[in-house]
Amino acid sequence: MEFKGANILSVEQFSIEDIRTILRVAETMEPYALPQKKTRVLEGAILGNLFFEASTRTRLSFGAAFNRLGGSVRDVVGFQFSSMAKGESIYDTSRVISGYVDILVVRHPQEGSVLKFAQATNIPVINGGDGAGEHPTQALLDIYTVYKEKEKNFDKLNGLKIGMIGDLKHGRTVHSFSKLLSLFEDMKFIFVAPEQIQIPDKIVNQIKNAGHAVIQTDKLIEGISDVDVVYVTRMQEERFNEKENFSSYQGYYTINRQIYDKYCYPQTIIMHPLPRDSRPQSNELDNDLNNYKNLAIFRQTDNGVPVRMALFALLLGVVDKIQETESNVQWYVPS
Ligand code: NCD
């Protein structure tokens, strides 16, 4: 795809070559993300960071990524503090904000809403999560994480076996990540969830049509015992309707060190888009794994910054100009 000026709305827009490009650029961003060096390439540019749903890492890492490239960030957080609370439409909001900023990131509770933002403006729009729909940048940082955990060998992403566990119906990260992974070859997906909150059939069919193996089960052990990656997700409490009865799924699956040691291969990595629900009645990923080397969740969150920097640089057309304004970091940075 042509990145300059594009929107990032769904992983369905990417080819395998696009993924390769994003990972390659993300790697070049690492020194600036750490930060070992700084660049001012986006000095003067402004990001509009619009979050109409709860967020910690997505909003902050988008903001940090833009700042690390030298740009400024303006946040709108929550409907109650935007004119949408006064009845303003997505169309008007998007058109107005486009007069103030150079690029938009939007998170919104309604599926398809970020597309509406994009249709109303000529600046690039990035989907930071649209309801139960998609979360394309999370999928990109997830694939970047697997790539780094697998010795940075792009070809080793083929043939991957992955167990996805939790709320696969409402979890947009699973939707985006599974579709993105199905661009590779010879994959095996094991979707572990109670039947009522299994992954949508549409996505299963897309994956099967791309020639991959799919197993759907409600048994945790089947999803963790013969895989390269265990991808745990949160029960999406805020997306359950009254009939779906969230509390009956709370704590449905727990992975702790004992379960890992008993059932997983010693090299299996554990991922989670976070936040993990650490309330005692949920405890989907136990704290006793926190210092375990194969727990990749905090490396995964760190990876959000270089991946989002790469997207900004690609969409704003400055990939080749990063080094022009490079200088040393003056402040204390822990090793
Ligand atoms: C996810 C999301 O918002 O979809 N969080 C994130 O962005 N890393 C996952 C979740 O909320 O469970």
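Just follow the structure's listing: the first ligand is 1, and inside any ligand the first atom is 1. Just so it is clear, the model here is predicted, and its values are computed rather than measured.
Checking only distances, P275 never comes within under 3.5 Å of ligand 1, N or O to N or O. At under 3.5 Å, not a single nitrogen or oxygen of E238, backbone or side chain, sits near a nitrogen or oxygen of ligand 1. Considering backbone and side-chain N/O of T173, none are found under 3.5 Å from N/O of ligand 1.
Interface of H135 with ligand 1, defined as ligand atoms under 4.0 Å from a residue heavy atom, comprises 2 (C), 4 (O), 6 (C), 7 (O). Each of the following atoms of ligand 1 lies closer than 4.0 Å to a heavy atom of Q236: 10 (C), 12 (O).
The aromatic rings of F117 and F52 lie parallel to each other, their planes meeting at an angle below 30°, with 60° marking the opposite boundary. Under the 30°/60° scheme for interplanar angles, the aromatic rings of F66 and F312 are found to stand perpendicular.
No side-chain donor-acceptor contact under 3.5 Å links N158 and D186. Counted by atom type alone, H170 and E244 present one or more donor-acceptor pairs between their side chains at under 3.5 Å.
Summary of contacts: the protein heavy atom closest to atom 4 (O) of ligand 1 is R172 NE, 2.7 Å. Considering only non-hydrogen protein atoms, atom 11 (O) of ligand 1 sits nearest to R234 NH2, 2.9 Å. For atom 9 (C) of ligand 1, the closest non-hydrogen atom of the protein is L274 O, 3.6 Å.
P273 counts as a contact of ligand 1, since one of its heavy atoms falls under 4.0 Å from the ligand. Heavy-atom separations between A54 and ligand 1 are all 4.0 Å or longer.
A salt bridge does not link D286 to R257: none of the charged side-chain nitrogens sits closer than 4.0 Å to a carboxylate oxygen. With respect to R234 and D167, no salt bridge is recorded, no charged nitrogen being found less than 4.0 Å from a carboxylate O.
Centroid-to-centroid, the aromatic rings of F51 and F79 stay 6.0 Å apart or farther.
With respect to E30, the salt bridge (charged side-chain N to carboxylate O under 4.0 Å, His left out) criterion is satisfied by exactly one of K148, K37, R68, K152: K148.
Under 4.0 Å from ligand 1, not a single heavy atom of E53 appears.
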